[in-house]
Amino acid sequence: MKFSKLMQRAGTETAFAVLAKAREMERQGRSIVHFEIGEPDFNTPENIKQAGIKAIQDNFTHYSPAQGILELREAVAEYIGKTRNIPVDPAEVVITPGGKDVILFTTTALLDEGDEAIYPNPGYPIYESAIKIAGATPVPMPLLEENDFAFDREQFKKLITPKTKLIIINSPGNPTGGILSKDDLQFIADIAIKNDIMILSDEIYSRIIYEGEFNSIASLPGMKERTIILDGFSKTYAMTGWRLGYAVTTKEIARQFTKLATNSFSCVTTFVQIAGVEALRGPQDDVEMMRKRYEERRNLIINGLNEIPGFSVKMPKGAFYAFANIKGTGMSSKEISDYLLEEAGVATLPGTSFGKYGEGFIRFSYATSLENIKEGLKRVEEAVSKIKK
Ligand code: PLP
């Protein structure tokens, strides 16, 4: 069967493929330590679960408005308003089934064939895919280890052309854990304003920070009206399977996103939206508890990986990924990732799953227990010691 040109342009997310392979190996009796998928291992906090259960019992089981229920949009407006220090109207919020849809909505709503969009590389693979689906040209912004995976300003400036319509940023970043400083954001903002470029700011890891503070580009003067904030509940509240996220942007763009929602999922599961209100307005202790636990795990895995010959890793400032430089092993990203899975039963992702500038790296998601991390480190060390140089 011949599929559309659009499908041929679409990319994918390797994490799900590696997870499927690792699960198959488990079914065949192999023991696997999972570092491949970027999802919290914690359960959703009890108050949120109870709110979801109650919402079903209270019959919040019907369609809701495509843009999202007003109460949740109000809660999001309040939360983003407070944390980003900007006024947000509920009409500027669109509720989506996961933050992910905001990426495709943005590229679909803003880009035409011939337009260019700059995106971080290595970066979340859906950025490049969504730009291509829209028929636009993806322009990778290399994030280099020597710059702590932040933007290289001079290089960034050179990527701007009259065709640049969109810049995607992600701080704290997947897969690198890098954070954009306020100065970096101001630099990007100045360029965006001068050249009339929109920004998609993926802030899904904004609550998972270990060093420094979180800054949103939308908080900078003149930027709210040219920014689409992507955020959600998956990482912050360990709610990946609930599928709940949102966009905060201008009313005009929100209307276009709502049109896209109407054309696809109609509305996000209504009782899930009610649970989202509890997540934002209820106690936040679990969020801080999880952040502290990730921090302990970060310290363990980074220090452990740095002791393995051929590996070196910078201490990530946010998110829950270790982006390990494996150049010293003499293998490529894909080779070592495959080797660790086959030889040691350790599932990781090759850096190239995040774009070509990910060559020489593999990603470990450390949203897993300290015991798993210790076991994984032991296995990696043993497997690496067997590599013939
Ligand atoms: N953005 C980034 C950078 C991510 O890493 C992810 C998930 O891995 C998402 C967005 C999407 O998350 P969700 O759709 O579960 O909200």
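Whatever order the structure lists them in is the order used to number ligands and atoms, beginning at 1.
By the 3.5 Å distance cut-off applied to N or O atoms, S234 is counted among the residues near ligand 1. Annotation: T240 places no N or O atom under 3.5 Å from an N or O atom of ligand 1; distance criterion only. At least one N or O atom of D202 sits closer than 3.5 Å to an N or O atom of ligand 1.
Distances shorter than 4.0 angstrom do not occur between any heavy atom of Y246 and any atom of ligand 1. In this structure, Y205 counts as a contact residue of ligand 1, since one of its heavy atoms falls inside 4.0 Å of the ligand.
A heavy-atom distance below 4.5 Å is not found between the side chains of T249 and E92.
Closest heavy-atom approach to atom 13 (P) of ligand 1 among the candidates P120, G123, G99: G99. Of all the listed residues (M239, E203, K100, K235), K235 holds the heavy atom that lies closest to atom 7 (C) of ligand 1.
Counting only N and O atoms by type, the side chains of Q50 and E46 include a donor and acceptor under 3.5 Å apart. Defined by atom type and a distance below 3.5 Å, a donor-acceptor pair is present between the side-chain atoms of R207 and Q284.
In this structure, R363 fails the cation-pi test against F323, since its NZ or CZ atom is not both closer than 6.0 Å to the six-membered ring centre and inside 45 degrees of the ring normal.
For the pair D338 and K334, the salt-bridge criterion is met [side-chain N within less than 4.0 Å of a carboxylate O]. A salt bridge between D231 and R84 is present, with a side-chain N of the basic residue lying under 4.0 Å from a carboxylate O of the acidic one.
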